[in-house]
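Hydrogens, waters and symmetry mates play no part in the numbers below; they use all other heavy atoms, side chains included. Remember, it's a predicted structure, so these values are computed and weren't measured experimentally.
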Amino acid sequence: MSGPEPVDGGEQPYRVAELGPDEPAALLAPRLARFAAVARLQHVTQAAALLGVPQPTLSRAVARLEEELGVDLLARQGRAVRLTRAGRLLLASVERALAELERGAAAARAEADPAAGLVAFGFLHTMGPDTVPALLRGFRAAHPRVRFQLVQDYGAAMLERLRAGELDLCLVSPLPEDPAFAARPLDEQRLHLVVPADHRLAGRRRIRLAEVAEEPFVGLEQGYGLRAITDGFCARAGFVPRLAFEGEEAETLRGLVAAGLGVALLPPALVPRPGVVELEVTAPRTRRAIGLAWAAGRPLTPPARTFRDFVLSRRGRLLQHD
């Protein structure tokens, strides 16, 4: 059977240790810090005082380590000791391992620091230009040192990252129904029918979606939440949209509409786009729910929990530009 796969430790890949009741890592790890203390000070009593353990306990731990390795690590001269050649070889690796453990512990504590920890936050592309910057500005006013890892993606991909533990929180639409996730609605966003400026309906302010049943549509690819929502609204209007072009980003779709390649259901543009007209849809009521999701049953770090509570406090006011 093959051994463990290499793991990316942040700087360079390394091979993970075998774990099991008879494997060296499981047997030796609990005693390595005690060996290192004795090796550094070359004195058992002083090492015991440094570690805060009884001297006999420390002596037994080092003796057991030698027994398990089958080599002498220390040459004893009363309570003073000196390293054997095997001891020096082991100490070099032990010091590296302990330093790496100390670094990892510090990084883990830093990530969960309530005042300066890290929040991995995902959101839809359409939330990026205005909504998320406004959220972060409001949050950082009270929590200026909290750091963020920001991820823009479509809903299904973000939920998979959430499931895998790569994200703490994400803004999604539609809200997930999977019990693996907790989700809270925050706001509703109007979706407008976007038509070319020279379209036959461009002079109208409001339309029924059924009026464009025969028109070519441009939309997001399958798997995007907005695509599923668009298909659902069209079904309620009694037709299946004919997709002439599929893309990955709302502003690209708006450009395709301006080029006369189809019509689209899209969130309102933050800045008016030349060549298109946005119409209010009266039937059905084309709005999508925006909500915050996180993994159910997985505790959030203090900074992520604080940010979650802040975002939830914005319920009904998330889309101030809408």
Side-chain angles (χ1 to χ4, degrees), residues 4-19 25-26 29-30 32-33 36 51-52 93-125 127-128 131-173 175-176 178-184 186 290-315 318:
E5 292 297 318
V7 171
D8 185 355
E11 296 178 357
Q12 62 182 12
Y14 61 89
R15 190 170 184 82
V16 299
E18 296 279 1
L19 294 178
L32 295 184
L51 295 174
S93 294
V94 168
E95 294 287 19
R96 287 195 297 270
L98 294 177
E100 185 65 16
L101 178 61
E102 187 176 69
R103 188 192 69 82
R109 286 193 296 266
E111 179 147 326
D113 185 334
L118 178 73
V119 179
F121 180 43
F123 51 92
L124 302 169
H125 290 282
M127 301 285 102
T131 301
V132 168
L135 273 178
L136 296 179
R137 182 175 62 245
F139 180 76
R140 290 290 291 276
H143 307 276
R145 295 172 55 211
V146 171
R147 297 168 292 122
F148 283 85
Q149 176 190 350
L150 301 178
V151 174
Q152 288 180 269
D153 214 329
Y154 65 98
M158 283 195 298
L159 292 176
E160 285 307 307
R161 292 189 182 200
L162 202 59
R163 192 191 305 273
E166 297 173 14
L167 291 176
D168 297 313
L169 304 159
C170 59
L171 283 177
V172 292
S173 180
L175 274 65
D178 188 330
F181 305 107
R184 300 289 183 274
L186 292 171
I290 306 292
L292 186 69
W294 59 94
R298 181 189 303 150
L300 293 170
T301 62
R305 188 165 57 247
T306 301
F307 183 61
R308 178 196 62 185
D309 294 345
F310 172 80
V311 176
L312 294 180
S313 76
R314 304 288 297 176
R315 183 174 184 178
L318 181 71

Under a 4.5 Å cut-off applied to non-hydrogen side-chain atoms, are [X] and [Y] in contact?
X	Y	result
L171	L135	yes
F121	V132	yes
L136	L150	yes
C170	L159	yes
T131	I290	no
V311	R184	no
M158	V172	yes
L124	Q152	no

[atom2] on [Y] to [atom1] on [X], rounded to 0.5 Å:
X	Y	atom1	atom2	value
L118	Q149	CG	CD	6.0 Å
R314	D309	CZ	CG	14.5 Å
L175	L186	CG	CG	8.0 Å

Under 3.5 Å donor-acceptor, [X] side chain and [Y] backbone:
X	Y	result
R161	D153	no
D168	A120	yes
R140	P144	yes
R305	L300	yes

Kindly give the heavy-atom pair with the smallest separation between [X] and [Y], and that separation in Å.
X	Y	answer
E111	P303	O-CG, 3.7 Å
G165	R298	CA-NH1, 3.3 Å
P176	A293	CG-CB, 4.2 Å

(request) Before accepting this row, confirm whether a basic side-chain N of the pair D178/R163 lies closer than 4.0 Å to the acidic partner's carboxylate O. (result)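 Counted as a salt bridge, because a side-chain N and a carboxylate O are separated by less than 4.0 Å.
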(request) Mind jotting down which residue pairs meet the ring pair (Phe, Tyr, Trp, His ring centres under 6.0 Å) criterion with at least one end in residues 146-168? Sequence neighbours excluded, please. (result) F139-F148, F148-F307, Y154-Y224
